[in-house]
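Notes follow once the structure below has been shown.
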Amino acid sequence: MENQNLTKRERKELRRQEKQAQKSQTVKSKTFKSVITWGLVALGIVLAIWGMLKLASTPVDNTPLAGAVTEDDWIKGNPNADVILVEYSDFQCPACGLYYPIVKQLVAEYEGEITFVYRHFPLSQHQNARPAAYGAEAAGQQGKFWEMHNMIFDNQNSWSEASNAADIFRGYAQNLELDLAKYDAAVNSQEVKNKVDAHYTGGIQSSVTYTPTFYLNGQKIQNPQNLEEFRTLIQAALDGN
Amino acid sequence: MSFKSLLPFLLLSLAILGFLDAVYLTAQHYLGFTLFCPITGCSAVLKSSYAIFLGFPIALFGALYYLAILLGVIAYLDTKKEIFLFGSALLTLPGFLITIGLIYLQLFVINSICLYCLISAVTTTGLFGLSLPLLLRRIR
């Protein structure tokens, strides 16, 4: 045996080296394990973020519209067009205010080719949404629904947080030269309340959960991010017919 | 398994849940006009002025908070150095206090409750509750 030929000191040195090698081996495998762990953690985080982004940007569902469009609806554009766009909206919701000019632009662009229908979906957290809807309905009884609708949206910022919103709407009615006595009676009438409630119930049946919710030819669509996207959707619906 | 050996994994699960929730809300904030709210009132909360802090959505801070806890626990599991676990445990205290503040705002100022915020409140409270024994032991 060669070992026996070594001196005591040499043998000690050899053992020390063996120990060191063993130690560095464990350190190495430990480092390797750490690298794997943190690599997996980083991968997991990236996947989680990606998944949530995906979840947040996909449409929730595409439930069909429950209530068919009738003559009682507020219709803009050609009432007999092949493409029908229905919006469930809340006058006080900021996003609805953002979509208002977009929809207006589209209805003008596709004049005669699309039917646009506005339905009320006043959310409970918006205290002035119902008074606004009542105001628009009351104006509608005098044939000026869309004029009132535009005025309400054009000035959304000035009445959204106001405590006297109903008075502000009455001011709009005055500007539109409505018969104020009739307007006042309508705003407070059960008939107008019932109509707004009917819209709201229809929205619930169509599983509207946020505003605005749009239905293109009876199918819920994911809200387009801008005018171009919206135009593309409408063009596609027109081409499909 | 003892509570002590189970603790890191419990903390990890809650932190992951909270992280997913907060990232989802942050993504919603930056991506969309729309918000899917199973309980009405959540958009009132998330669109309120209280949902933004220093120009960023609170949810983003929440996501970073959960991420810090998550990384701390993993560092502990990796190195077995107790300081990392203690660091994560210590973080749950401000998290819990801020959650109380946010719940107060929802209940008494905004008067609406948002489901995603409730999920986060449950996870922060759970994290704090689990960390409490560890924190108390250190103080003594």
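A note on names: the letters A, B, ... follow the listed sequences, proteins ahead of strands, and every chain is numbered from 1. Fair warning: this is a prediction, and the values are worked out from it, not measured in the lab.
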Problem set entry | A:Gln235, CD: over 12 other non-hydrogen atoms inside 6.0 angstrom | yes
Exercise. In terms of heavy-atom contacts, does CD of A:Gln22 have more than 12 from other residues, nucleotides or ligands at under 6.0 Å?
Worked result: no
Exercise. Any side-chain heavy-atom pair from B:Tyr24 and A:Ile49 closer than 4.5 angstrom?
Worked result: no
Exercise. Considering only heavy atoms, which portion of A:Ser34 lies under 4.5 Å from any heavy atom of chain B: side chain, backbone, both, or neither?
Worked result: both
Problem set entry | Interface residues of residues 71-84 of chain B facing chain A - heavy atom cut-off under 4.5 Å | B:Leu71, B:Ile74, B:Ala75, B:Asp78
Problem set entry | A:Glu229 atom CD: more than 12 heavy-atom contacts under 6.0 Å | yes
Seminar exercise, completed: Here the pair of heavy atoms bringing A:Met52 nearest to B:Leu20 is SD-O, 3.4 Å
Exercise. When you look at CH2 of A:Trp38, are more than 12 heavy atoms from neighbouring residues, nucleotides or ligands closer to it than 6.0 Å?
Worked result: yes
